[in-house]
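Working notes for the structure below.
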Number of protein chains: 2
Amino acid sequence: MIDQTANVLKALGEPTRLKIIKFLSARELCVCELVEVLGISQPRVSQHVKVLKQASLVNERKVRQNSYLSIDEAVLKDAIIIPFQTLMQTRLDKLPELKAENQRFELLEANTAVTACKEGNKRKKFSGNSNQIA
Amino acid sequence: MIDQTANVLKALGEPTRLKIIKFLSARELCVCELVEVLGISQPRVSQHVKVLKQASLVNERKVRQNSYLSIDEAVLKDAIIIPFQTLMQTRLDKLPELKAENQRFELLEANTAVTACKEGNKRKKFSGNSNQIA
DNA sequence: ACATAGTATAAGTATATTATTATATACCCC
DNA sequence: GGGGTATATAATAATATACTTATACTATGT
């Protein structure tokens, strides 16, 4: 989930790919049209489109020898908002990928709101009772 | 605008940084706590936090020698949704960064909906009046 | 002032990404 | 099948990123 979400965000986090997305939002375009419009090489377009397709951000419709690319605005929005918000809204203990991290985090939390930092511990000790992180 | 939007998405498009964001959404944490929780080196945390700060995704509050990091859920949501949606909703001709690209695109559009592809043009001629694609 | 905790930065290395050039594949029309 | 178009892939070079180790900086407590 984390890796996949990161992947979608990363796919969009590149200027050339954002431009492709932007023009595809105007209308369906084939690779050679993107080449014309963006004024960049055909392999460069193909490679970026590949990344976008792998992230399921663009659809492809083959007509004759052309590869027409398009985006579904709603799907696109969902591609960003849903994975990210789902990740953010999922409880930490429901994320298997963060099992070890969350265990350490819960230890932190269990320790009556004391930080993991040694200075924090020191301060805590001074002020009375500490049971620390491990 | 495009570069900046790409930058924000890129900052979030990395697993370690997403994890940091996820834990900061639980509560404010300092660098050394993130080190503990994530189980990774301190420079690694500092470096990723730097990227997140540069993208204005986390806030920093210095207390004693600690650097407490936090995120504002709303700001975070906006950091993703607003830049991206603004980009998507802004008319092509209002994006100075895409001036050249858009001029070529409008040429395409002006040509009675014919594609830039040579094959597309050929088809147009042959079929007399195919309103191609879109 | 000294020792220590917390954080930041520098240097180095390994890997990944981007872009270019050249080439291969697929498809269409004649 | 030959010629041409559209796209994909391979090889390569340039650059960027992520991570580690070592070190510097800053603040704090004694």
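Values below: all heavy atoms of this structure, side chains included; hydrogens, waters and symmetry mates excluded. Quick caveat: nothing in here was measured; it's all calculated off a predicted structure. Order of the sequence lines sets the chain letters (A, B, ...), proteins ahead of strands, with each chain counted from 1.
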Per [X] side chain, nearest of listed nucleotides [options]:
X	options	answer
N66(A)	dA8(C), dT7(D), dC29(C)	dT7(D)
K62(B)	dA8(D), dA8(C), dT20(C)	dA8(C)
K53(B)	dT7(D), dA8(C), dA27(D)	dA8(C)
C30(A)	dT7(D), dA27(D), dT21(C)	dT7(D)

Atom [atom1] of [X] to atom [atom2] of [N]: distance rounded to whole Å?
X	N	atom1	atom2	answer
R44(B)	dC19(D)	CZ	C1'	7 Å
L9(B)	dT17(D)	CG	P	15 Å
N7(B)	dT17(C)	CG	P	17 Å
R61(B)	dG6(C)	CZ	P	16 Å
L38(B)	dA18(D)	CG	P	15 Å
L52(B)	dA18(D)	CG	C1'	14 Å
Q65(B)	dG6(C)	CD	C1'	5 Å
L34(B)	dG6(C)	CG	P	13 Å

_With E14(B) via side chain to side chain contact (heavy atoms under 4.5 Å, CB included) - residues at least two apart_ = T16(B), R17(B), H48(B)
For the student: nearest non-hydrogen atoms of [X] and [Y], plus distance:
X	Y	value
P96(A)	K94(A)	CD-O, 3.1 Å
L18(A)	L12(A)	CG-O, 3.3 Å
N66(B)	C30(B)	ND2-SG, 3.7 Å

_Pairing residues for S46(B) by the side chain to side chain donor-acceptor pair (under 3.5 Å) criterion, not counting sequence neighbours_ = Q42(B)
_Tell me every residue that passes side chain to side chain donor-acceptor pair (under 3.5 Å) with T90(A), counting only those two or more places apart in sequence or in another chain._
none
*Is V58(B) close to I21(B) at the side-chain level, that is, under 4.5 Å between some pair of heavy atoms?*
yes
Looking at [N], I'd like to know if its phosphate oxygens (OP1 or OP2) sit under 4.0 Å from a side-chain N or O belonging to [X].
X	N	result
H48(A)	dT17(C)	no
S41(A)	dT20(C)	yes
R64(B)	dT7(C)	no

*Interface residues of residues 12-21 of chain A with DNA chain D (non-hydrogen, below 4.0 angstrom)*: none
*Can you run down the ring pair (Phe, Tyr, Trp, His ring centres under 6.0 Å) pairs that involve residues 9-37 of chain B, sequence neighbours left out, and say none if there aren't any?*
F105(A)-F23(B)
*Between I20(B) and L29(B), does a side chain to side chain contact (heavy atoms under 4.5 Å, CB included) hold up when you go through it step by step?*
CA-CA 9 Å; I20(B) 290 175; L29(B) 290 167; over 6 Å; no
*Which letters describe nucleotides 9-16 of chain D, given B = protein heavy atom under 4.0 Å from base, S = only from sugar-phosphate, - = neither?*
BB------
*Check whether V51(A) and L57(A) end up in the same hydrophobic cluster, where Ile, Leu, Val, Met, Phe, Trp and Tyr are linked by side-chain heavy atoms less than 4.5 Å apart.*
no
